[in-house]
Amino acid sequence: MTRFVTKLAAGAATLALAALPGAATAQQQAVDEETGPVAYANAAALKVGEKGGSVISETQRSPLSPGTSRLAQSRTTVPGTDDERAAAGPYYEIGLGKHHVAATLKDTNVPTAVARADYALRDLARKNDPTVLEFQGAKSEVTCPAPGSLTGTTSAEKLWVRHGGKLVSVKLPSGNEPLTLRDLPLGPPRDVPDAAAGERVTSDVTISRISSYDDLLRQEQWRSGDVTVAAGWQVEIVTHVPKAVKPTKVTDAPESPEAKSDDTAAPETSGTTETSETTGAGEESGTASTGRTDPATEQTKHTEHTEDTGDVEDVVTRIVLGGVSCSLPQDFVAAAGGDGRSGPAVPVKIPAGDGPGQAATPWGAGLLGAGVLFGGAAVLVARRRRPGPGAE
Amino acid sequence: MRRRYVAGGLGTLAVAAVLAGVLVLTSGTDEPASHAAPAPPTAPTAAATPAATEPSRASSAPPTAAAQPPGTVRLPEGGTARLVRRELTADGTLPIPDGLDEATWWGAKLGAEHGAALLSGHVNWADRTGPFDELWRSREGRRVTVVDIAGGRWVYRITDVLTLHKDELAGHAERLFGQDGPHRLVLVTCGGDYVGGTDGYEDNRIVTAELVARP
């Protein structure tokens, strides 16, 4: 099978940016659209190569008044339309399952965003068992209550990887350490020209937590602020596509007997985390290679190197699952909750321990003044009692 | 003769008034004594064993571990204060306690599912050192106990010690005192340089503790 990858301008990707007004709290002033507190939430985004096509699902932007913008449940996959498939290629599909993807401006004007879903990465070229990678109970969340206390978390209940015909559970990456899974039975997102027919195609997949706003796949309208925090899962796929060395050899080459059996090999991992379950290996019921060929066009970023089987082209695909961010201006102070009060919701000034002398000062000064008055009166009285000259 | 007695009486009153005035003023200076205005510690905060307690300087701290009265907080060195529930002013100021033996209580209830229970006490008052002065010597791992009005004993373990300039408090307030996060006990007092005005001391000492035992 051969696949080709079409270079598409990033601008051709889906750029819908939802900012639906939420249920605004009455009488509360809207925040500044350009500089105010803001949060974004995106279900899934996919980019093929450095200059290849990309698809970014509808990003939810927090409303300008308190409320929530939430992704509709009708969005079930990314890509989800013919246009999106044209941009990202026909083979990769990210299933979202039942999801909750929302960006909120709280009553306190604190922006938050959350993306919760069961992400399934499918290679549709694998007809019988397309799911290669699955995050069960994935959740990414950011909260921006104050410029000095932004928080972002990325978690998942389980990570499943196709191994030997079955999905097996592997240990999630620890902290900011990436987890690399090697030789997964995953082909490229598009057909690659000059690919050797019948050769086994595998991918190395690196999974990590997003820690930087720049790691997100974003539309242009998705902005940061004076302070910003981001979260989400990043999946980088490097697909190794064997290239046909010579047309005659490709034509004459018999189908490799290892092409299917290699799929039963356990996925290698690198980094600090290793697989926690390696049982369940079995025969692969499908294959990534179908012998399909398509006209070659421009290719995505590729790195060629020589292996025993001939030249290999690497196709790099980057996926962000549950990309979220929130941002604040540097002088942001959370407002009170929606109870009509205008002051802060938490103490912003605690004067306990102030000098106590203020209360004593008036008493002390008063007593001193009284002493002076009494003293003066005593002097006056004493002087008046003295007899004048010749009085006696 | 009668005027002599009157003059003598007035003189006595004058002396008494002057002495009283001097005593009142000197016992309650606007600028607290240096020992009552602790500076931020220069040594890095390190976990201390519960046994490594220092002698208490708090005037209200009992010398021995007497039974803790209901409705009070007791700090690691024994400083004890009665809890008085108060709410914020319109500008977000936490009202100060009425005296050394009180601590303002704001926010979450004891053992709440979420949010900070904030207790604020004087570092000093009327030139006397307050029980919360010991927050300047607090270390991670030490225990703070609160006995509720029903006599239930709640034990918290100090997890974080922080000194903030009062100008910076607003920027950290939601994280420190917010009612959304996990439940914790937050103890606050003042210290650092005395700058007068509405700020008094220029710093806040903030000690956060997690719940480790409930009634």
How about A:Ile350 and B:Phe177: do any of their side-chain heavy atoms sit closer than 4.5 Å?
yes
Under 4.5 Å to a heavy atom of chain A? For B:Leu176 that would be neither
Sequence-distant partners of A:Glu33, salt bridge (Lys or Arg N to Asp or Glu O under 4.0 Å), two or more places apart:
none
For B:Arg86, which residues count as a side chain to side chain contact (heavy atoms under 4.5 Å, CB included) partner, sequence neighbours excluded?
B:Val84, B:Pro95, B:Asp98, B:Glu102, B:Thr104
For B:Glu174 against A:Ala334, the heavy-atom pair lying closest together
OE1-CB, 4.1 Å
Which pair of heavy atoms, one from A:Pro347 and one from B:Ala173, lies closest together, and at what distance?
O-CB, 3.2 Å
Can you tell me how far NZ of A:Lys349 sits from CG of B:Asn204, rounded to the nearest 0.5 angstrom?
9.0 Å
Please report the closest heavy-atom contact between A:Pro351 and B:Cys190, naming both atoms and the distance.
C-SG, 3.5 Å
Counting heavy-atom pairs closer than 4.5 Å to chain A, which one of B:His172, B:Glu168, B:Arg175 comes out on top?
B:Arg175
